[in-house]
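All chains are named by letter (A, B, ...) in the order of the sequence lines, taking the proteins before the strands, and each is independently numbered beginning at 1.
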Amino acid sequence: MSTARLTRVSGALAEAEPLPQCALYELARVGQRGLLAEVIRLRGPTATLQIYEETAGLVLGEPVAPTGAALTVGLGPGLLGSILDGVGRPLGRLAEQSGDFLAPGVTAETLDPESRWAFTPALAAGARVSPGDVLGSVEERPGIRHSILVPPGISGELARLDAGTFSLADPVATLTDGRTLGLVQRWPVRRPRPVARRLPDDRPFVTGQRVFDLLFPAAEGGSIVVPGGFGTGKTVIEQSLAKYGDADIVVYVGCGERGNEMAEVLHEFPRLTDPATGRSLMDRTVMVVNTSNMPVAAREASIYLGITIAEYYRDMGYRVALLADSLSRWAEALREISARLAEMPGEEGYPTYLATRLGQFFERAGRVTALGSPSRTGAVTVVAAVSPPGGDFSEPVTQAALRISGALWALDPALAHQRQFPAVDWSMSYSLYARRLETWFESQAHSDWGELRRETLALLQRGQELRDIAGLVGPEALQGTDRLLLETARVIQEFVLGQSAYDSNDAHSPVAKTALLAGLALQLQRHAQALLASGVAFEQLDLGPVRRALALVRSAPVAAVEARAAEAAFCIAGLSRAAAT
Amino acid sequence: MTRLTRTYHGASGATGPLLFLKDTRRVALGEWVEIAQADQPLRRGQVIDAGEDTTVIQVLDETLGLAPARAAIRLTGNVPTAVVGRELLGRSFNGVGQPLDELPPPIGEALLPVAGAPLNPARRLRPTDRIETGVSAIDGLNTLVRGQKLPVFSGPGLPGLELAGRIVEWSRAPGARPFAVIFVGMGLTAREAEHFLDRFQRAGAMERSILYLNQARDPSIERLLAPRFALTQAEYLAFETGLDVLVVMADLTSYCETLREVATARQEIPGRRGFPGSMYTDLATLLERAGIVEGRAGSVTQIPILTMPDDDITHPIPDLTGYITEGQLVLSRELHRRGVEPPIDVLPSLSRLMNAGIGPGRTVPEHREWANQLYASYTQGREARLMAAIVGEAGLSEPDRRALALADRFEKEFIGQQERRDLGQTIAIGWALLESLPRDDLLRLSEPTWDARPSRLTQESR
């Protein structure tokens with residue numbers, strides 16, 4: 001029995017001694033109420049702990065008991081649909097114990113130990129198993145098979161493997177050496193789960209958002225950073241991806257964000273259906289929620305918890321999207337703890353290891369061949385929002401995240417103020433995946449996808465230059481062809497890139513619709529340009545009907561998109577008729 | 001936590017608002033402290049760093065004349081608590097809950113720790129009930145809902161407090177019930193406080209209000225506790241007695257400056273502009289105490305007011321606040337100079353919870369499209385205004401000229417207002433402006449919305 005006692009409490013940090021035998025990142029229970037804490041520094045007999053719960057009221061001299069294990073999460077059936085805090089406690093069951101407000105010292109297992117599952121074995125006694133092998137499966141949610149995997153580090157011969165209904169505490173398999181395996185495996189959240197092989201990024205994570213799919217596509221298994229000042233729509237983008245992104249499983253990490261927004265997600269998701277499967281969105285979602293007023297150390301842990309759960313489903317062969325909102329709050333938690341440790345600060349007070357930690361986190365994204373047999377391919381795609389102070393992207397968190405991610409979706413407050421959503425600054429955003437993914441888009445969406453993309457970007461670029469000039473001399477002073485370009489760039493902004501998350505027909509745009517809209521805008525440019533070349537004056541072009549027709553394509557229900565697009569094309573062709581009269 | 005009191009004679013040092021104790025045992029983090037010294041008034045403080053080597057106490061009162069070696073420091077064994085209850089309505093207190101109105105201290109219905117506890121996010125109810133504030137820029141374009149926190153970003157000399165006064169006076173909770181109003185003054189000047197109180201009294205809002213006033217002349221550290229006393233009371237009224245509570249906090253900038261003062265005295269590593277790195281979390285522990293709880297009747301809605309230093313919205317105070325709150329109402333010096341009152345610049349203003357409070361069955365079916373179109377046309381007009389300043393109005397294209405005319409009228413007729421407007425009036429003014437434009441300038445409006453526009457409906461009914 002430990003006799004360690006608290007010798008200092010300051011914010012989320014505490015010191016205790018004597019704890020000479022402790023390990024780094026070992027969990028401990030602090031005080032009479034048994035607050036959850038993690039050892040983050042050891043110096044002689046003194047251990048420094050970060051406490052995952054509210055520390056007010058902790059008294060010097062209260063006992064501290066190390067647990068001998070690191071922060072782990074129980075992985076098994078029942079994760080889907082659950083809402084966890086930053087260290088993996090289900091918020092619903094915490095409320096049953098402590099009421100509407102969170103009380104320190106209350107614990108609950110991530111998975112309900114009482115829950116029972118019908119297990120179907122995939123192997124039989126006598127089979128040799130090694131890490132990652134599929135022992136069998138349970139149906140976790142209607143239509144979602146949850147494979148029970150041999151945990152990393154365990155191999156041997158199966159002595160028994162039973163079909164039947166088991167609780168999470170029951171063994172389902174016994175090895176010949178007597179070890180048993182159950183439906184749940186524990187895994188330390190700070191350690192990446194092993195894989196057999198990493199695969200190249202040549203498949204897209206289709207977002208259903210035109211501006212991303214067309215201009216700055218995400219790779220499945222890629223990592224994307226979304227920086228934007230407040231009010232630029234980061235959260236709406238993350239939520240749209242959670243709803244419409246083409247993933248089997250979504251892990252949503254609300255890291256230091258707003259409680260009311262989480263309430264909105266929790267209200268909305270169970271009522272929304274996955275467009276691909278028709279099931280409730282909550283059936284494929286795990287939520288990790290640590291709002292800004294919840295303890296700061298748990299916020300630091302929350303992204304690791306989220307990505308560990310994502311890796312676990314990846315190992316079953318699922319394509320998982322991990323949506324983190326926001327990494328800046330995680331970095332700030334790191335900074336707060338580092339400051340209390342009196343560590344020498346790096347840039348803007350962030351610890352010097354900020355970039356390393358971020359790198360380790362982003363590297364857990366990827367498309368992989370999972371360990372074990374049968375062979376499975378899975379992916380974890382990370383889309384992380386960043387909240388740069390003052391909207392200034394030169395700050396350390398944004399910069400560190402950019403160096404290690406594959407795409408940048410930069411959000412622009414000026415566009416947001418105009419209510420132009422998604423408020424993506426196309427001149428600043430980029431995707432390193434774009435070229436590689438062209439092959440896929442050309443085979444699946446549109447044979448000229450690469451061309452569409454390049455032409456659209458070039459038009460936007462030229463439009464931007466002209467707008468700057470027009471700002472000096474007035475649009476009336478520009479030549480007809482330039483005024484047309486300006487107009488087409490505006491059409492692209494508004495009807496191709498602009499997409500309303502609140503229009504049920506347009507909140508999700510299949511790639512075919514994206515290609516159609518982009519194609520129409522380019523067709524408008526080509527056709528009108530030809531008319532100007534033939535001597536028609538810009539003033540004679542009546543673009544009003546074209547714009548209205550494009551608005552109708554954009555808001556048409558999926559089944560009507562093609563018909564509306566044909567009408568718009570007819571409208572564009574009609575420009576010459578109108579100009580002739 | 002109620003434990004024995006212990007008294008230490010003599011502290012080892014003091015700096016600014018901090019007092020240091022050496023060799024302390026069984027001190028609790030957050031513990032309430034009383035500091036006695038001969039010939040000096042009793043001072044109050046709180047443990048902000050508990051250590052057996054050194055314990056740091058934050059002193060709430062003026063430390064001028066405090067002699068650490070001669071002080072008797074009594075650790076009370078309690079964390080700071082507030083007396084809460086319905087009988088506090090109609091009364092005024094200082095920043096630590098002592099009466100300012102010469103009446104005896106309230107007995108109250110409960111004694112609660114002022115730090116509060118985080119609301120379990122799974123128990124929150126999504127805010128959806130619209131609050132009609134009577135201000136067009138809010139009701140029409142940045143709808144406030146019950147349980148939201150929507151700050152006013154003001155600037156030096158801009159009428160932020162004035163706007164808050166209007167909102168308090170004009171607001172109706174759903175079902176037209178009046179709000180209980182809790183006003184927290186942090187570092188307000190006597191003139192500001194008086195002006196606001198006067199407005200309160202004239203509106204007849206006093207008997208459903210509670211004031212917690214920490215004025216500019218009061219000890220600054222008290223500012224850190226004043227909003228916590230107020231919010232503890234607000235949560236009690238809302239979640240235990242079922243009232244809809246509107247909390248107005250002014251000025252958050254003074255609060256943050258006090259945070260910085262304490263952090264500097266503790267020699268913490270400063271973040272941007274010297275503000276502590278933990279300021280985001282600290283502000284969140286105030287601002288996240290807004291909301292609605294499943295199965296409970298009342299609500300806490302917050303309208304914090306802050307002054308953007310030098311009108312700079314990227315300053316850490318508005319910046320961090322904006323990341324926590326569900327939107328912001330931004331005041332514009334330009335509009336104020338031109339005499340538009342309230343000078344709300346709707347472009348950078350935002351209500352994140354607006355969509356949940358508007359639309360079919362809540363306001364008017366076309367509310368979202370109507371607002372989007374007003375935003376789009378007004379934005380175009382503002383851009384045209386900039387361009388016209390360079391190239392002259394004659395250099396503008398025809399649609400830009402129309403948008404510019406609309407922007408001028410929009411500011412004058414829609415944003416500017418003297419009297420309370422109900423939502424119907426607000427929507428009608430917006431439509432009148434939109435209908436001054438041709439259909440081709442209004443592509444954010446769908447065909448059905450356009451077909452159902454008010455003027456056409458009236459024509460048809462004739």
*Asks:* Is the shortest side-chain N to carboxylate O distance from A:Arg547 to B:Asp440 below 4.0 Å?
*Replies:*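 No, this pair does not count.
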
*Asks:* What I'd like to find out is whether the side chain of A:Val59 reaches to under 4.5 Å of the side chain of B:Val27, using heavy atoms alone.
*Replies:*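 Side chain of A:Val59 against side chain of B:Val27, heavy atoms only: no contact under 4.5 Å found.
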
*Asks:* Hey, does the side chain of A:Arg419 reach the backbone of B:Thr379 with a donor-acceptor pair shorter than 3.5 angstrom?
*Replies:*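 No: the side chain of A:Arg419 does not pair with the backbone of B:Thr379.
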
*Asks:* Side chains of B:Arg368 and A:Tyr502: is there a donor and an acceptor less than 3.5 Å apart?
*Replies:*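 Per modelled atom types, B:Arg368 and A:Tyr502 side chains form no pair under 3.5 Å.
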
*Asks:* Give a yes-or-no answer on whether the side chains of A:Glu336 and B:Thr281 include a donor-acceptor pair shorter than 3.5 Å.
*Replies:*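 Yes, side-chain donor-acceptor contact under 3.5 Å.
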
*Asks:* Let me know if B:Gln267 has heavy atoms under 4.5 Å from chain A in its side chain, its backbone, both or neither.
*Replies:*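 Neither part; nothing is under 4.5 Å.
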
*Asks:* With the threshold set at 4.0 Å, does a side-chain nitrogen-carboxylate oxygen contact exist between B:Arg296 and A:Asp100?
*Replies:*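 Judged by the 4.0 Å cut-off on N to carboxylate O distance, B:Arg296 and A:Asp100 do form a salt bridge.
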
*Asks:* State which residue, out of B:Leu29, B:Asp53, B:Asp49, fulfils the side chain to side chain contact (heavy atoms under 4.5 Å, CB included) condition with A:Arg8.
*Replies:*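 Passing option: B:Asp49.
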
*Asks:* What orientation do B:Tyr323 and A:Phe230 show, parallel under 30°, tilted 30 to 60°, or perpendicular over 60°?
*Replies:*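 Rings of B:Tyr323 and A:Phe230: perpendicular, as their planes differ by over 60°.
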
*Asks:* Counting distance only, does the side-chain N/O of B:Asp319 pair as donor-acceptor with the main-chain N or O of A:Gly390 below 3.5 Å?
*Replies:*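 Present.
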
*Asks:* Are A:Arg340 and B:Glu268 within salt-bridge range, i.e. N to O under 4.0 Å?
*Replies:*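 The answer is yes: the pair qualifies as a salt bridge.
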
*Asks:* Less than 4.5 Å apart, side chain to side chain, heavy atoms only: is that true for B:Asn120 and A:Leu94?
*Replies:*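 They are in side-chain contact.
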
*Asks:* Determine whether the side chains of B:Glu383 and A:Gln418 contain a donor N or O and an acceptor N or O closer than 3.5 Å.
*Replies:*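 Yes - a donor-acceptor pair under 3.5 Å links their side chains.
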
*Asks:* Can you confirm whether A:Arg335 sits close enough to B:Ser278 that some side-chain heavy atom of one is under 4.5 Å from a side-chain heavy atom of the other?
*Replies:*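 SC-SC contact between A:Arg335 and B:Ser278 ruled out.
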
*Asks:* When you check the gap from the basic side-chain N to the acidic O, do A:Glu261 and B:Arg124 get nearer than 4.0 Å?
*Replies:*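 A salt bridge is absent here (no side-chain N lies under 4.0 Å from a carboxylate O).
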
*Asks:* Hey, is the main chain of A:His417 close enough, under 3.5 Å, to the side chain of B:Tyr375 for a donor-acceptor pair?
*Replies:*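 Flag not set: sc B:Tyr375 to bb A:His417 has no pair under 3.5 Å.
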
*Asks:* Do the charged groups of B:Arg444 and A:Glu494 touch, with an N to O distance under 4.0 Å?
*Replies:*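 A salt bridge is present here (some side-chain N lies under 4.0 Å from a carboxylate O).
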
*Asks:* Below 4.5 Å from any heavy atom of chain A, which atoms of B:Val346 appear? Answer side chain, backbone, both or neither.
*Replies:*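 Just the backbone, heavy atoms under 4.5 Å.
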
